Amino acid sequence: GGGRGAGAARTPHQYVVMALDAATGKTLWERQVRESLPQGGTHQDGTYASQSPVTDGERLYAYFGSQGLYCLDLDGNILWEQNFVAMQMRGEFGEGTSPILHGDKVVVICDHEGESFIIAFDKATGRQVWKTPRDERSTWATPQVVEVSGKPQVITSGNTATRGYDLATGELIWTGPGLTANPIPSPIIKDGVAYLMSGFRGSAAIAVRLDKAKGNIEGTDAILWTYDSNTPYVPSPLLYEGRLYFFSGNSSLLTCLDAATGKPLYSQRIEGFGNIYSSPVAANGHIYITSREGKTAVIKPGDTYELVGVNELGEAVDASIAIVGDTMFVRGQNHLFCIAAP
């Protein structure tokens, strides 16, 4: 369930971007981009650096919410920075949405208790390209970009509404049913369908056919299906081999749906697992599910639940596993782990 905000910080914080050697874990460089008093509090389980950085292979974009968006080269030099909002997040829960990159733009969503908006910058110069107001309170979901009939769209979650924006102009293309309060899971998009869900104080999931989504899509055939039980609070869902996998709230109750129809295939509690914040990931015919106490369940994808094994790291894990080729990176509470065949 909820947790609580940890209250506002009373001392200045250093905001740092680091680069590690993927093969050895050695720190290649460390760049402090800012030192200041954080804006508001942060969740007791979170930090003031909850956002994930993003790169196009040439530049790195690190976002610290109210403390700014920073563009660095891959040697750690700051190329540009933008400070554009002081957010007031619900319940002193801190900020969490990450920036997204597509084409020549970097996009950030700023949903908070003040005036919410979505904003796009030129990724090379940091110049603001557009800014569109949003009728939303605090959200933590990172948007996704997808090409719809050759035009990139930004797909966003929300409590008031789910929405699609034109990436070129910021113009609103469609609005759909809102989800629950405190939306955190990211939209998942495959084969022209966007799957959006959240699960705080209620359950909501919708599948949207993007080529049919124009204007207000409530009650239209742009909505492929809806589902209203056991949806996740913090972890994003996983779409793998035609099935959607997600947890109930932050618990280890795993539901598997047929992605095409929304029909439930099973709901199964992973035995011996506590709460889960990290999102499930899949690779090479297996699904990996990591609990907050650092246990990872390996399950086989399919219409029935099949547990292959459980591995323990011996350290708390809240971050999602990152898979690069045949290597896994796991960020624990105190260490970054690299797991690969020797």
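Given the structure is predicted, the values throughout are model-derived calculations rather than measurements.
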Contact check, side chains of Pro235 and Asn250, non-hydrogen atoms, under 4.5 Å: yes
Donor on one side chain, acceptor on other, Thr160 and Arg134, under 3.5 Å: no
Single-linkage hydrophobic cluster, 4.5 Å side-chain cutoff, Leu210 and Val154 together: no
Donor on one side chain, acceptor on other, Ser229 and Ser203, under 3.5 Å: no
Side chains of Tyr233 and Asn182, donor plus acceptor under 3.5 Å: yes
Separation of Leu239 CG from Ile189 CD1 (nearest 0.5 Å): 11.0 Å
Leu69 to Val108 - nearest heavy-atom pair and separation: CD2-CG2, 4.3 Å
Derivation of the salt bridge (Lys or Arg N to Asp or Glu O under 4.0 Å) call for Asp73 and Arg59: CA-CA 5 Å; Asp73 67 20; Arg59 297 184 189 88; over 6 Å; no
Nearest-0.5 Å distance, CD1 of residue Ile173 to OG1 of residue Thr169: 7.0 Å
Check against side-chain contact (heavy atoms from CB on, under 4.5 Å), Leu20 and Lys26: CA-CA 5 Å; Leu20 307 185; Lys26 191 164 99 22; over 6 Å; no
Under the salt bridge (charged side-chain N to carboxylate O under 4.0 Å, His left out) test, residues paired with Lys212 that sit two or more places apart: Asp221
Distance, nearest 0.5 Å, that separates OH of Tyr240 from OH of Tyr245: 9.0 Å
Flag side-chain contact, heavy atom, 4.5 Å: Ile339 against Thr327: no
Spacing of Ser291 atom OG and Asn275 atom CG [to the nearest 0.5 Å]: 9.0 Å
Single-linkage hydrophobic cluster, 4.5 Å side-chain cutoff, Val308 and Leu265 together: no
Minimum heavy-atom distance between Ala62 and Val17, given as atom pair plus value: CB-CG2, 3.6 Å
Main-chain N/O of Asn77 paired with Asp75 side-chain donor or acceptor, under 3.5 Å: no
hydrophobic_cluster_shared for Met328 and Ile299, side chain cutoff 4.5 Å: no
Smallest separation among heavy atoms of Gly262 and Leu257, with atom names: O-CD2, 3.8 Å
Minimum heavy-atom distance Val129-Ala168, with the two atoms named: CG1-O, 4.4 Å
From CG (Leu72) to CG (Leu74), nearest 0.5 Å: 9.0 Å
Non-hydrogen side-chain atoms of Tyr61 and Leu101 separated by less than 4.5 Å: yes
Backbone of Gly272 reached by a side-chain donor or acceptor of Lys295 within 3.5 Å: yes
Steps toward side-chain contact (heavy atoms from CB on, under 4.5 Å) verdict (Gln32, Tyr15): CA-CA 6 Å; Gln32 180 179 308; Tyr15 295 85; 5.9 Å; no
Test item: Val107 and Pro99 side chains (from C-beta on) under 4.5 Å apart, heavy atoms: no
Enclosure of Lys151 NZ (heavy-atom neighbours >12, cutoff 6.0 Å): no
Test item: Phe273 and Leu254 side chains (from C-beta on) under 4.5 Å apart, heavy atoms: no
Spacing of CD belonging to Gln268 relative to CD1 belonging to Ile270, to within rounding of 0.5 Å: 8.5 Å
Path from Leu224 to Trp174 over hydrophobic side-chain contacts below 4.5 Å: no
Among Ile276, Leu307, Val298, side-chain contact (heavy atoms from CB on, under 4.5 Å) partner for Ile289: Ile276
Within one Ile-Leu-Val-Met-Phe-Trp-Tyr cluster: Val310 and Phe337, side-chain cutoff 4.5 Å: no
Shortest non-hydrogen contact from Pro177 toward Ile206: CD-CD1, 4.0 Å
Residues in side chain to side chain donor-acceptor pair (under 3.5 Å) contact with Asn216, at least two apart in sequence or another chain: none
Side-chain heavy-atom pair Ile155, Leu196 within 4.5 angstrom cut-off: yes
pair Asp111-Thr97: side-chain heavy atoms closer than 4.5 Å: no
Asp303/Arg243 ion pair, N-O < 4.0 Å: yes
Side-chain touch Gln144/Ser186, heavy atoms, less than 4.5 angstrom: yes
Glu241, CD: over 12 other non-hydrogen atoms inside 6.0 angstrom: yes
Derivation of the side-chain contact (heavy atoms from CB on, under 4.5 Å) call for Arg137 and Thr139: CA-CA 6 Å; Arg137 293 183 61 191; Thr139 73; over 6 Å; no
Minimum heavy-atom distance between Tyr227 and Pro264, given as atom pair plus value: OH-CB, 3.8 Å
Distance-only side-chain donor-acceptor flag, Trp130 / Glu171, under 3.5 Å: no
Arg163 and Glu136 ion-paired at < 4.0 Å: yes
Over 12 non-hydrogen atoms of neighbours within 6.0 angstrom of NE2 in His286: yes
Steps toward side-chain contact (heavy atoms from CB on, under 4.5 Å) verdict (Thr231, Ser248): CA-CA 5 Å; Thr231 51; Ser248 177; over 6 Å; no
Parallel, tilted or perpendicular: rings of Phe121 and Trp80 (30°, 60°): tilted
Candidate pair Asp122 and Lys105, rule salt bridge (Lys or Arg N to Asp or Glu O under 4.0 Å), full reasoning: CA-CA 5 Å; Asp122 181 298; Lys105 293 181 184 67; over 6 Å; no
